[in-house]
Protein chains: 2
Amino acid sequence: MSSCETCVVRNRAICAGLDNRELLALNAMGRRRSVTAGESLIWEDDDSLLVANVIEGVLKLTTSTEDGREQIVGVAYPSDFIGRPFGQTSRSSVVALTDAKVCVFARNDFDRYAREHPELEHKLLERTLAELDRTRSWMMLLGRKTASERIATFLLEMADRFGETGCAPVLSPASRFALPFSRQQIADLLGLTIETVSRQFTRLKQDGVIGLPSRREVEVLDRRALEALTG
Amino acid sequence: MSSCETCVVRNRAICAGLDNRELLALNAMGRRRSVTAGESLIWEDDDSLLVANVIEGVLKLTTSTEDGREQIVGVAYPSDFIGRPFGQTSRSSVVALTDAKVCVFARNDFDRYAREHPELEHKLLERTLAELDRTRSWMMLLGRKTASERIATFLLEMADRFGETGCAPVLSPASRFALPFSRQQIADLLGLTIETVSRQFTRLKQDGVIGLPSRREVEVLDRRALEALTG
DNA sequence: GCGCGCATTTGATTTTGATCAAAGCGAAGC
DNA sequence: GCTTCGCTTTGATCAAAATCAAATGCGCGC
């Protein structure tokens with residue numbers, strides 16, 4: 001039996017829309033793999049040997065300078081595609097932020113298969129175009145926004161992704177969620193230092209805009225205020 | 001006669017590899033258009049109505065905040081593809097930096113045509129993946145590099161694209177080129193202010209790393225030094 | 001050739017966020 | 001329950017780049 005049949009991202013990942021025969025062939029090429037938090041799956045500037053679908057967990061894409069400065073250039077969530085197809089080298093590292101499960105393929109197998117399946121390539125193209133849009137709007141944040149604008153933008157994006165707004169239609173819906181990032185990782189995502197991130201969080205808490213039930217949890221108390229701060 | 005036949009980017013743009021019949025169909029859908037320096041072709045957050053190949057000239061892709069801060073999120077050169085296929089809205093503006101010629105298509109015509117021509121979609125995918133790589137490495141610059149590192153990175157990239165290195169094999173090949181950017185545009189590209197850009201240029205000139213024959217021209221005198229500054 | 005307007009450069013000062021340093025806190029193990 | 005370690009917060013100071021302001025000079029039209 002194909003493990004694709006029971007895959008939780010079956011209908012959201014790029015494999016969606018493949019028929020049973022195609023899925024069987026893809027299944028034969030790939031294998032599931034567990035990655036523990038902190039473990040690397042792909043290394044910057046290494047040969048691009050594998051690509052994967054994220055089934056579960058959160059991973060970061062990073063680039064680093066020689067002297068150790070790091071910038072998170074992307075974040076991959078379940079159903080996202082990671083790795084560099086059709087290219088010799090991978091330009092960023094991929095590291096698990098939480099324990100994760102991925103469905104990996106040898107890159108050359110995947111490339112060959114994709115070229116024979118235009119529908120799959122089309123899905124990959126749509127995803128890549130959307131990711132490029134997201135990346136470009138993050139460039140605006142990194143190039144032109146202040147620390148507090150960066151934090152507000154980040155928190156709203158997290159709230160939209162993870163927040164469970166109460167069912168009652170209230171004016172400023174509070175939303176509570178767990179961050180998959182440490183303070184340092186938030187800094188690496190926003191192009192700030194850990195101290196600046198911490199101070200901005202403290203300020204928003206003091207102003208009653210957010211609550212911080214624990215280190216990894218955030219509660220958006222005043223969404224409007226946060227939206228007004230995004231710049 | 002198809003104007004594609006005489007197109008100077010015929011063998012480099014995504015149309016490369018199409019056979020005569022396909023080219024004829026594509027040609028029937030598109031039309032050439034001249035854009036003068038400063039003129040907009042696409043507006044941020046507008047419906048995505050057109051896509052295009054750049055034939056001649058340089059264009060900037062930008063996003064702006066409400067209060068007028070601008071970030072250049074991409075630069076398009078001859079043979080590059082611009083616009084947002086397969087999407088409802090365009091997330092950045094496209095404005096000509098120099099007088100330019102483009103080959104434009106109605107987006108929905110292009111989308112339909114592309115879906116019927118996997119080879120074309122594949123070329124677009126390869127281009128989009130490469131652009132995503134470039135964009136991500138620019139994120140590192142915006143998030144983590146200092147002003148002088150940004151300037152050095154920028155100048156080397158410009159030198160590689162525009163510079164004509166002398167034929168004699170010398171140790172530190174000098175390379176001279178004209179910038180398609182004003183100081184303000186360089187600032188918008190690097191996430192800096194015009195004053196900072198100007199001061200960094202002046203410093204590099206004083207240090208003998210570059211020459212500035214005119215406002216729009218740069219001569220790289222000491223490539224090694226510049227490389228050492230990229231961070 | 002001359003003056004005009006605008007982009008650029010230069011200078012003074014301020015601000016933001018980084019850096020350096022120390023204290024606080026919470027989860028895991030003993 | 002207590003200790004420990006690492007993450008986070010807080011505080012003090014510093015530095016880089018932004019801002020504010022003025023001068024310069026280049027290219028263009030007359």
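The sequence lines fix the lettering, A, B, ..., with proteins before strands; numbering per chain opens at 1. Computed from heavy atoms alone, side chains included, the values below leave out hydrogens, waters and symmetry copies.
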- Please confirm whether any donor atom in the side chain of R69(B) sits under 3.5 Å from an acceptor in the base of dT19(D), or the reverse. no
- Message: What I'd like to find out is whether the side chain of F154(B) reaches to under 4.5 Å of the side chain of T230(B), using heavy atoms alone.
- Response: no
- Query: How long is the line joining CZ of R183(B) and P of dT24(D), in whole Å?
  - Reply: 19 Å
- Task: Measure from NZ or CZ of R161(A) to the centre of the six-membered ring of F177(A) and say whether it is under 6.0 Å with the direction within 45° of the ring axis.
- Result: no
- Give T202(A) one of three labels, base, sugar-phosphate or nothing, depending on what nucleic acid heavy atoms sit under 4.0 Å from its own. sugar-phosphate
- Between K145(A) (NZ) and dT16(C) (P), how many Å, whole number? 18 Å
- Task: Nearest 0.5 Å please: distance from the CZ atom of R199(B) over to the OG1 atom of T202(B).
- Result: 8.5 Å
- Task: Grab the CG-C1' distance between L179(B) and dT8(C) for me, whole Å please.
- Result: 14 Å
- For the side chain of E195(A), starting at C-beta, report the closest nucleotide among dA17(D), dT19(D), dC20(C). dC20(C)
- Which nucleotide in dT9(D), dA17(D), dT8(C) has an atom nearest any side-chain atom of T196(B): dA17(D)
- Task: Classify the side-chain pair S214(A)/E217(A) by whether it contains a donor and acceptor separated by less than 3.5 Å.
- Result: yes
- Task: Test for a donor-acceptor pair under 3.5 Å between the base of dC6(C) and the side chain of Q184(B), counting only N and O atoms.
- Result: no
- Is any N or O donor-acceptor pair between the side chain of R199(B) and the base of dG11(C) shorter than 3.5 Å? yes
- Item | Nucleotide dT16(C), atom C1' - distance to CZ of R150(A) in whole Å | 11 Å
- Starting at atom CG of L192(B), determine the distance to atom P of dT19(D), rounded to an integer number of angstrom. 11 Å
- Output the single nucleotide from dT9(C), dC20(D), dA17(D) whose closest atom is nearest the side chain of Q200(B). dA17(D)
- Rounded to the nearest angstrom, tell me the gap between atom CD1 in I186(A) and atom C1' in dC7(D). 12 Å
- Item | Identified side-chain contact (heavy atoms from CB on, under 4.5 Å) partner of L204(A) from the options L212(A), L229(A), D222(A) | L229(A)
- Task: Measure the distance from CZ on F201(A) to C1' on dC7(D) and round it to the nearest whole Å.
- Result: 14 Å
- For the pair R69(A) and D67(A), evaluate salt bridge (charged side-chain N to carboxylate O under 4.0 Å, His left out) and give the outcome as yes or no after the intermediate values. CA-CA 6 Å; R69(A) 283 171 286 174; D67(A) 63 350; 3.2 Å; yes
- Interatomic distance, K205(A) NZ vs dT10(D) P [rounded to whole Å]: 7 Å
- Message: Quick check: on DNA chain D, is the nucleotide nearest S182(A) upstream (toward 5') of the one nearest T193(B), or the reverse? Name the residue that is more 5'.
- Response: S182(A)
- Message: Output one letter per nucleotide in nucleotides 23-28 of chain C: B when a protein non-hydrogen atom lies under 4.0 Å from the base, S when only the sugar-phosphate is that close, - when neither is.
- Response: -BB---
- Residues S92(B) and I42(B): closest non-hydrogen pair is O-CG2, 3.7 Å
